[in-house]
Amino acid sequence: MKIDSLPIPISLRTKYSALGITELYPPQAKCVEAGLFNRKNQLVAIPTASGKTLVAEMAMQKEISDGGKCLYIVPLKALAAEKYEDFSGKEVKVGIATGDPDQRDEYLGRYDIIVATSEKTDSLLRNRAEWLKRVSLLVVDEIHLIGDPSRGATLEMVIAKLRYQNPNLQIIGLSATMGNPEELANWLNAALVTSEWRPVDLREGVYYNGAIHFHGSERILQTPKKDDDLNLLLDTAEEGGQCLVFVSSRRSAEAYAKRAAVVLKKKSEALDLYAEKIAKADTTPSGKVLANSVKNGAAFHHAGLPRAAREAVEEGFRKGEIQVIASTPTLAAGLNLPARRVIIRDYQRYEAGVGMNPIPVMEYRQMAGRAGRPRLDPYGEAVLIAKDRDAVDVLFEKFIDAPAENIASQCQKENELRNHLLALITTGFAKNRAELDGFMEKSFYASQKAVHRRLDRNIGKALSYLIESGMITEETGGELLGTSFGVLASRLYLDPETASLIRDILGKQETFSAFGMLHLLCMTPNMFRFYLKASDERLVDEVFSERGDELWCEELSEEFFAAVKTALVAEAWCEEVPEDVICENFGVGAGDIHAVVENLRWLMHASARIAHEFAPRFDTDVRDLEIRIENGVKEELLPLITLRGIGRIRARRLFDRGITTPEDLLSAEPKDVVGILGTVLTKSVLEQAAKKTGRTLDAVPLLIEEEAVPVKASETKPQKTLFDFGE
DNA sequence: GTTTTATTTGTGTAGACAGCATGTC
DNA sequence: CTACACAAATAAAAC
């Protein structure tokens, strides 16, 4: 099917022809035949890299030219950024909506396409963003994630709510291959488009004893070494191809990169540059290992890396400099980073309390699908490594030839229901039990199951929890109403349990304790917690016995101790302990610290709002701690940090020279201040300080001469969040 | 006697969404 | 309750 024959705007046709795209891929043509341009709902379940984005883009452009508005939902912030880039052009206005401060929510209504994460969309619904009602085409990327245990329920509810608001909504679901696409298509009232077609040939095989076994053929390797995983790398490297190696733990990823560096010994100036960047971004031992490996063309990738280091690795690989990345599943679902050969070394993964478990077939497909770069590689290879002869057949059967799993709705779970029923009630989707039942009747869960006894029971349980915790009330006529607390919790996007814990525990305290507050937040279901190692136990026990009186929560569970460790990391950050020292002491990665801080920043903000209404005596205490988390500063820097232009570093420098407050700034020798802050900043800071203290500036003014040329706005690179520096 | 290599033992285990209002090195 | 990779400690073998 020719592009020219399609009812899409001319600008899009020009864009495609500039990219050399003149004809649709077969699965894309199928979508058109199935009514893509006739506002028909579609579930497109086709392999990775077979052109799903193009399908969505064409439909959206057509919809926009007909006066419509499009919402594109993605699972990851990084994907949101990627799609934003993809869709941006002269003709359409594209906006991005994630938890990051990209654009103000009310402006989003002006865009033709809004790219958003599922949680952000849910949050926008809860805050009644008016423009959402005008969305006429909804694209859901990776819609199979509806079955994800931790995030699937939200995605399902978001889709359900958008459909409810706009019965005329066209929905396009983009999905990986799954076991039961018919069920999902049925729920969406959508035409199902499936295909096995790929633009680059994908060969899937199993390596054993010096040869890769494919269906009907094999490839013998020249193997001088006994390490299978390295042989597979060298084999591809000799032909000039790149490898992605999937392993099951961070430690394994690092170890592989180290070994690969030894055998690759690739040298280039570009590699040295990337290594330098990484060494600067991550000063921990693990960062040094990465920098050294990258110097030789090998890298690893996992969530413990700071973002700047991760991005350097991705760029180095994309530019063809880095020969191999050993990765945990971070790379499987995330960015588009294909390689000639994908080596799936670890197909088992540890699960707490269960031991090693085989990864789902769907996840194997995600990884294997990364093999083969369109237009660059003649083919792609996905190779599993067998440990003995018997394993060869087993691996074919369990992964390569296995059908993908069915996906199942997650929205019947009690904790999910608490959260989402509260939202339904506080945002007016349902006013009583009957309406709630009616809404849930239309869920994917209800469409999958004939009997809804479990759903029914859990709705009841969730409602009584919400009533007991004072989030909703049931009037005599059966009307369900959100209380002010319930509305607040829902809008802050907190799990009801998190909100209740904060209100109850904080409200019970007589005196404030920063450590107690941090630990409380670390106990909530909305907080990520570190895994507790055996070597941490001593430290955590010690803190428990010596600082027990600072802690507000007392249940002696495993979670409790994990929360102690996590709170200790957060506290260290607030005490200005250097990052590499924190990493060293607690055995965590630099990226993990940022994850904790980011998470706590949100929860501290929410706590401040809750404290304001339900424990006003702690109002300033909580807000001060919020500022400390945000900036990573000790209490003593609080007066300085409030000044614009002063962050943790400058505040510390001023403090150490005896300038501890805005008043001090005004009475200090101006020369000293200029020495620390520079002329331009000093002027602005002094003005601020004068305003704050109510003093006039004329005592200090003209000693500061305007000699520094202000940097042009276009030359400063805006950064999205406070944690991005170091790039 | 010293260095290299094999064997045993103990340890730890993936990822990442959300609020709000302008800024850090 | 289930496994496995890795690193450190230890033993064995080669030089």
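Chain A is the first sequence line, chain B the second, and so forth, proteins listed ahead of strands; every chain is numbered from 1. Values below: every heavy atom of this structure, side chains too, minus hydrogens, waters and symmetry copies.
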key: First of A:R609 and A:M356 reached from the 5' end of DNA chain B, by closest nucleotide   = A:M356
Between P of B:dA18 and CD of A:E497, the distance in whole Å = 21 Å
message = Does B:dA18 have OP1 or OP2 under 4.0 Å away from a side-chain N or O of A:T117?
response = yes
note = Contact span of DNA chain C against chain A, any nucleotide atom under 4.0 Å from a heavy atom, 5' to 3', runs C:dT2 to C:dC6
request  = Could you list all the side-chain hydrogen bond (donor to acceptor under 3.5 Å, both in side chains) pairs where at least one residue sits in residues 530-539 of chain A, not counting sequence neighbours?
outcome  = A:D536-A:K565
Would you list the protein and nucleotides 10-12 of chain B atom pairs, both N or O, that sit under 3.5 Å from each other?
unit_1: B:dG12; atom_1: OP1; unit_2: A:S535; atom_2: OG; d: 3.1
unit_1: B:dG12; atom_1: OP2; unit_2: A:A534; atom_2: N; d: 3.3

key: Qualifying salt bridge (Lys or Arg N to Asp or Glu O under 4.0 Å) pairs with a residue from residues 243-258 of chain A, counting only residues at least two apart or across chains   = A:R250-A:D592
remark   = Residues passing the side-chain contact (heavy atoms from CB on, under 4.5 Å) test with A:E351, sequence neighbours excluded, are A:V354, A:N357
task = Sequence neighbours left out, what passes salt bridge (Lys or Arg N to Asp or Glu O under 4.0 Å) with A:D624? Give chain and number order.
result = none
task = Kindly write out the residues that satisfy ring pair (Phe, Tyr, Trp, His ring centres under 6.0 Å) with A:F618, not counting sequence neighbours, or none if the list is empty.
result = A:F512
Residues that A:E559 engages under salt bridge (Lys or Arg N to Asp or Glu O under 4.0 Å), provided they are two or more places apart = A:R529
query = Partners of A:D656 by side-chain contact (heavy atoms from CB on, under 4.5 Å), sequence neighbours excluded?
reply = A:R652
request  = Could you tell me whether the side chain of A:T427 reaches within less than 4.5 Å of the side chain of A:R128, counting heavy atoms only?
outcome  = yes
inquiry  = Need to verify one output field. Residue with the more 5' nearest nucleotide on DNA chain B, A:R349 or A:G645?
reply    = A:R349
ask   = Tell me: CG of A:L600 to C1' of B:dC20, nearest whole Å?
value = 16 Å
key: Those residues that, when tested against A:R650, pass side chain to side chain donor-acceptor pair (under 3.5 Å) (two or more places apart)   = none
Listed partners of A:F530 passing ring pair (Phe, Tyr, Trp, His ring centres under 6.0 Å), at least two apart = A:F528
query = Are any of A:T154's side-chain N or O atoms less than 4.0 Å away from OP1 or OP2 of B:dC17?
reply = no
note = Annotated structure of DNA chain B as dot-bracket, pair cut-off 3.5 Å, Watson-Crick or G-U only, | for inter-strand, is |||||||||||||............
message = Need to verify one output field. Residue with the more 5' nearest nucleotide on DNA chain C, A:K387 or A:V354?
response = A:V354
